[in-house]
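What you see is a predicted model, and the numbers here were worked out from it, not measured in a lab.
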Amino acid sequence: FPVTIQPLPFSPSKWNRHFWAKTSSKLSYLYALLWVSTLSLVCNYTVSRINYKIVDFFFLLITFSSALLFEKGPLVCAVILSAFLWYFFFIPPYGTFQVSPLEEVFAFFLFFMVALLTGIQIRRTKQREHLVAKREQSTQAIYEIVREIASAPSSHQVFEEFKKKVGQILNGSCQVSIGRDFLSFDKHFDDKEKAIAEWVFRNGKEAGWSTTTLSSAHNLHIPLKGLKEIVGVLSYSSSENKPLSVEETNFLYTVAQQLANYIERSFTESTERENLFLGKMEKVYNRILESISEELRAPLQTLKKAIATIRKEADSRPLLTTPFHQIEEAVDTLSQIRDDAAAMKKLSAGFIEFEKSPHEVHYLIQSCQKKLDKQLKKHKVVVKIAEKFPKITFDFSLMEILLSHLLLNAAQYSPEGTVIEVEAECSNNSFILSVSDEGPGIPDELLGRIFEKFYKAPGANSSGLGLGLAIVSSTAAIVTGK
């Protein structure tokens, strides 16, 4: 069924509450006294000739009007003043508190009790009316926020509408800080509020103003908890600096939960789009690697046969020696590129035979050094390993790929004549194999990218496709299972 929710009409009681809420308690008592006194004077000049027993109804009207304007304390004060003014000025003998006939005293007490109980009841009725109106307004705001979340074209529009609605209902302002690993803050946040919001984000607990945790803060910080993770923090600041009622607190937490669900859903959709894009890129990379591997295989075989044929003649002619070695190095570089492409394709596809057995680590290091003899000949390789190092269980071919590419990377990015150190050790039931060099190192901001396929650090002057460390990362993941 179609549902139509109209905005609440203007309510005089809402205006009265808004006006008197901004007035201090002392001024409220003063206003109540002035109100009753003024109306008593009007009564004295207008109905003084009427029977004094009729005047009590006029004073009851004064009590009812006071109940509409004032809170409980000023209301009781107005009732007491009305009763004594009626008794003092309108019950004979006038202007005295002399004891009147018993029926007059009884009438005074009846007037006082009726006025007091009726005024309090009217006050409670107005409070219930205000509470119902507040609930309707909160329900309307929740409905509009949910509708905006469902139909808004952008997250920015959702956040702006959310802050607008919450500010209108709770008479304050709020900020939304979202994130997964760290929060993204509004530029108006000071360092103290940022620190508290970070604490709330990490611990998943509310803190700040009106709470028992870090209560000196200006804002109330509430964690935005989705179904699986905390996706941000809602920070609310009250313009009146008075604690939220139960209804207001429930409203704030309800809309915060709706917003958290929306943000988590947005994060999930973003992750799915990113994974889809990465999957497509992975397919493109694999096609490129397959093309490089297949297209270079036959030409490289031909070049290697040609080099083997003319090697003796080139060695006998000094003028051809240098160009021949340059050609040989270029062919070796192309062979390395082709081998890297083939290895990366197999690792990405998962077509790797994995067989573990005990091996000597000494033999693994020597095998890699022998395989890379040409590439390492301009460096000094230092091996640090205990003489009686125990046999380690691993897949030899995979570990050979891993260590060879680490050594090759160290040789490419460190100056000639420097030391490349290979160290093996056992610690806490773990086998640790490390390679270090005297190169320029890797900037911290690039540590997350150097293991990507086809990535080369800015300014890097080396041959190859940028697959070396990507092969190391993929091989290490297979070997360690992480």
Side-chain angles (χ1 to χ4, degrees), residues 17-18 20-26 28 71-73 123-124 127-128 130-139 141-142 145-146 149 158-264 267:
R17 183 179 183 276
H18 179 73
W20 296 112
K22 293 183 177 294
T23 306
S24 67
S25 58
K26 293 183 179 179
S28 296
E71 297 297 330
K72 189 173 181 180
R123 183 73 257 166
R124 289 179 178 178
Q127 289 175 344
R128 284 196 293 269
H130 171 74
L131 184 59
V132 171
K134 195 72 174 179
R135 287 177 179 174
E136 292 179 356
Q137 193 176 16
S138 299
T139 303
I142 293 173
I145 289 173
V146 173
I149 287 175
V158 170
F159 295 153
E160 290 301 316
E161 187 67 20
F162 178 88
K163 291 188 287 187
K164 177 183 176 182
K165 293 298 181 184
V166 173
Q168 289 176 348
I169 298 296
L170 301 182
N171 195 17
S173 61
C174 67
Q175 296 292 334
V176 179
S177 306
I178 65 173
R180 279 185 160 173
D181 298 325
F182 56 89
L183 289 176
S184 177
F185 291 103
D186 188 270
K187 61 182 180 180
H188 301 297
F189 256 34
D190 58 33
D191 293 338
K192 179 181 178 181
E193 298 297 332
K194 287 181 180 179
I196 298 175
E198 287 284 2
W199 185 90
V200 171
F201 182 69
R202 291 193 303 270
N203 294 275
K205 299 178 181 179
E206 66 174 16
W209 172 76
S210 76
T211 69
T212 57
T213 305
L214 305 172
S215 58
S216 62
H218 181 67
N219 295 326
L220 169 62
H221 301 278
I222 300 174
L224 296 175
K225 296 181 180 180
L227 296 177
K228 298 180 180 179
E229 60 181 333
I230 298 177
V231 295
V233 174
L234 173 62
S235 303
Y236 166 75
S237 175
S238 173
S239 60
E240 297 181 349
N241 199 30
K242 65 177 183 179
L244 297 175
S245 65
V246 175
E247 291 291 331
E248 292 172 333
T249 302
N250 290 338
F251 166 76
L252 187 59
Y253 274 86
T254 299
V255 295
Q257 186 61 56
Q258 293 293 332
L259 184 63
N261 294 339
Y262 167 76
I263 296 173
E264 186 179 45
F267 282 172

Residue pair L259, V158: steps toward the side-chain contact (heavy atoms from CB on, under 4.5 Å) verdict: CA-CA 9 Å; L259 184 63; V158 170; 4.3 Å; yes
Ignoring hydrogens and angles, tell me if any N or O in the side chain of S239 forms a donor-acceptor pair with the backbone of N171 under 3.5 Å. yes
Take V233 and W199, measure what side-chain contact (heavy atoms from CB on, under 4.5 Å) needs, and give me the verdict at the end. CA-CA 10 Å; V233 174; W199 185 90; over 6 Å; no
G208 and A217: which non-hydrogen atoms are nearest, and at how many Å? CA-CB, 3.8 Å
For I196, the option from E198, K192, K194 that meets side chain to side chain contact (heavy atoms under 4.5 Å, CB included): K192
N/O donor-acceptor pair under 3.5 Å between E193 side chain and H218 backbone: yes
Tell me which donor-acceptor pairs under 3.5 Å the side chains of residues 162-169 have, and how far apart each pair is, sequence neighbours excluded?
| from | atom 1 | to | atom 2 | distance (Å) |
| --- | --- | --- | --- | --- |
| K163 | NZ | E160 | OE2 | 3.3 |
| K165 | NZ | E144 | OE1 | 2.3 |

Judged by atom type as modelled, is there a donor-acceptor pair below 3.5 Å linking the side chain of K225 to the main-chain atoms of Q257? no
Go through it in stages, so that I can follow the logic: the residues are L234 and L220, the test is side-chain contact (heavy atoms from CB on, under 4.5 Å), and I'd like the CA-CA distance, side-chain angles, deciding distance and then a yes or no. CA-CA 8 Å; L234 173 62; L220 169 62; over 6 Å; no
Once rounded to the nearest 0.5 Å, what's the spacing between atom CD of E248 and atom OG of S238? 8.0 Å
Shortest non-hydrogen contact from L170 to Y236? O-OH, 2.8 Å
I230 versus G204, closest heavy-atom pair with distance: CD1-CA, 3.4 Å
Looking only at heavy atoms, what is the nearest atom pair of A260 and G226, with distance? CB-N, 4.1 Å
Contacts of E229 that satisfy side chain to side chain contact (heavy atoms under 4.5 Å, CB included) - sequence neighbours left out: R180, V231, E264, F267
When rounded to the nearest 0.5 angstrom, what is the spacing between CG in N219 and CD in Q175? 8.5 Å
Any residue meeting side-chain hydrogen bond (donor to acceptor under 3.5 Å, both in side chains) with Y262, in chain and number order, not counting sequence neighbours: S155
Looking at CH2 of W209 and OG of S235, how far apart are the two atoms once the value is rounded to the nearest 0.5 Å? 13.0 Å
Please tell me if the side chains of L183 and I178 come closer than 4.5 Å, counting only heavy atoms from C-beta onward. no
Step-by-step side-chain contact (heavy atoms from CB on, under 4.5 Å) determination, I222 to L224: CA-CA 6 Å; I222 300 174; L224 296 175; 5.6 Å; no
When you measure from the side chain of S215 to the backbone of T212, do you find a donor-acceptor pair of N or O atoms at a distance under 3.5 Å? no
In the structure I gave you, are the side-chain heavy atoms of F201 and H221 within less than 4.5 Å of one another anywhere? no
